[in-house]
Amino acid sequence: MAAAPTPPTPKRPGKPKPRRIRPTGDTPPPSPVRHYADFTAALLAWFQTGARDLPWRRTRDPYAIWVSEIMLQQTQVKTVIPYWERWMQHLPTPGALAAAAPETVHKLWEGLGYYSRGRRLQEGARVIQTEHGGVFPHDFAAILALPGVGRYTAGAIASIAFNQPRPILDGNVIRVLARHYGIAGNPRARAVNETLWSLAQDLVTTAATASAPPRAASAFNQALMELGALVCTPRQPQCPSCPVRAACVARRTNRVGELPATPPRPEATKRWFVAVIPEWAGRYLVRRRPEGGVNAGLWEFPNLEFTGAAATSTGADPVAAARAVLGPVPCAPTPLATVRHSITRYRITLTAHRAVVTDAVAAAALPGEWRTPAELAALSFPSAHRKLCDRLPHPARPTV
DNA sequence: CATCCGTGGAG
DNA sequence: TCTCCAAGGAT
């Protein structure tokens, strides 16, 4: 139980219930109240000296922080930095994003993955325009109501941008808290997950109380994640340099390597795709992926998935591949490239062929649109197909 | 509660 | 090459 009053939390009405930390070690926990204060103070002090200079830490603009948080979902900091810089340069305000062409959003997101994030970001910007007068909402419930914003992201924006003592719980925080407090069990299972959220709430509340430094809620939540990213890492954690190592249950009980529990992942499934890139008069045929599906609105080269024995044999035979993908049209298919990539639990092999077609074939209604390499550069592709662009005779480089 | 959604870095 | 997983959310 925290020393400070818990801020109003719509999710937990009723009397404030004392919370119990359940270390699985044999050592009883120290007094929670005193420990929380020690923990938050140590982490805040460490963060002041050890924080990385990330671009979105140079601003308090809630829009900028929102964009960063959406980009950072399941995506590493190093990957996000250039995307965030470009995005903020082109779409610096909710108004600019709300008014942007969807193609602009796609292009700025190209290669980042989970493309629905970009679409929902724009939907959110339109909500801000229409329901909040173009001003990013301070109210937690309003932030949480934005599309693509869940419990974690809402807490991150509320705390980081507005210094509200809202908890966050991401992969980093799960790891730090599970180890520090010796919390066993699957952190994604309901009971364990709620224990972790409660702990995160108590800690940020403690951090934000009276004698705290300015913007302590903001700093503390970032410090939790920073510790998980730099010190309390999944593999080879740097315990000797941890600012809270003395009270760490996992370290005292020699279970740093076992916490947090990691449930088995679904087994990877191999899949094979064959793409055929029709070429005519210096142009290539591309098609747009349908709305509502994977990679909605992005462009791709004509392709098909093959299963079983047909997969490898068709991938090796350009003529059979062209026939399967394009139908019985005369063309001269030649191998172009094979691209391997992973999509969630799928391990995909994409084999591509160039297929020069005659005027008559080009005039016939092949499904798609003819584009020059320069035009391809302006479109947005999933990474695998963007790689195919790069292998064409005149590579089309992305330009934003 | 389980599954899906993309990609790239690190070891 | 292969595995894990990274500032998760929606369905």
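Any value given below was found using the heavy atoms of this structure, including those in side chains, with hydrogens, waters and symmetry copies removed. Naming: A, B, ... by sequence-line order, numbering from 1 per chain.
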**Asked** So, is A:T75 close to the C:dG8 phosphate, meaning a side-chain N or O under 4.0 Å from OP1 or OP2?
**Response** no
**Request:** Give one of base, sugar-phosphate or nothing for A:G228, where a contact means two heavy atoms less than 4.0 Å apart.
**Result:** nothing
**Request:** For A:I174, report the nucleic acid contact type (base, sugar-phosphate, nothing); a contact means any heavy atom under 4.0 Å.
**Result:** nothing
**Prompt:** Hey, does A:L112 reach any base, or is it just sugar-phosphate, or nothing, if we go heavy atoms under 4.0 Å?
**Reply:** base
**Near-strand residues of residues 293-302 of chain A, defined as heavy-atom separation under 4.0 angstrom from DNA chain B** = A:V294, A:N295
**Fill in**
To the nearest angstrom, the CE-P distance between A:M225 and C:dA6 comes to 13 Å
**Message:** Can you list everything that forms a ring-ring contact (aromatic ring centres under 6.0 Å, His included) with A:W56? Sequence neighbours excluded, please.
**Reply:** A:W84
**Prompt:** For A:N172, what residues pass the side-chain contact (heavy atoms from CB on, under 4.5 Å) criterion, not counting sequence neighbours?
**Reply:** A:D170, A:R175, A:M225, A:A229
**Request:** Report the residues that fulfil ring-ring contact (aromatic ring centres under 6.0 Å, His included) with A:F162, sequence neighbours left out, ordered by chain and then residue number.
**Result:** A:H138
**Prompt:** Tell me the ring-ring contact (aromatic ring centres under 6.0 Å, His included) pairs involving residues 355-379 of chain A, sequence neighbours left out?
**Reply:** A:W280-A:W370
Atom pairs and distances, side-chain donor-acceptor, residues 114-125 of chain A, under 3.5 Å, sequence neighbours left out:
residue : atom : partner : partner atom : Å
A:Y115  : OH   : A:G111  : N            : 3.0
A:S116  : OG   : A:R120  : NH1          : 3.1
A:R117  : NE   : A:Y114  : O            : 3.3
A:R117  : NH1  : A:I70   : O            : 3.1
A:R117  : NH1  : A:M71   : O            : 3.0
A:R117  : NH1  : A:Q73   : O            : 2.7
A:R117  : NH1  : A:T75   : OG1          : 3.1
A:R117  : NH2  : A:T75   : OG1          : 3.4
A:R117  : NH2  : A:L112  : O            : 3.2
A:R117  : NH2  : A:G113  : O            : 3.0
A:R119  : NH1  : A:E123  : OE2          : 2.9
A:Q122  : NE2  : A:L97   : O            : 3.0
A:Q122  : NE2  : A:A100  : O            : 2.8

**Any residue meeting ring-ring contact (aromatic ring centres under 6.0 Å, His included) with A:Y284, in chain and number order, not counting sequence neighbours** = none
**Asked** So do the side chains of A:W66 and A:V149 get within less than 4.5 Å of each other, counting heavy atoms only?
**Response** yes
**Asked** Of all residues at least two apart in sequence or in a different chain, which pass the side-chain contact (heavy atoms from CB on, under 4.5 Å) check with A:E305?
**Response** A:R271, A:F273
Distances for protein N/O vs nucleotides 3-5 of chain C N/O pairs under 3.5 angstrom?
residue : atom : partner : partner atom : Å
C:dT3   : OP2  : A:R347  : NH2          : 3.3

**Asked** With sequence neighbours excluded, what pairs up with A:H385 under the side chain to side chain donor-acceptor pair (under 3.5 Å) test?
**Response** none
**Complete:** By side-chain contact (heavy atoms from CB on, under 4.5 Å), A:R340 pairs with (sequence neighbours left out) A:T349
**Request:** On DNA chain B, reading 5' to 3', which nucleotide is the first and which the last to sit with an atom under 4.0 Å from a heavy atom of chain A, could you check?
**Result:** B:dC1 to B:dA10
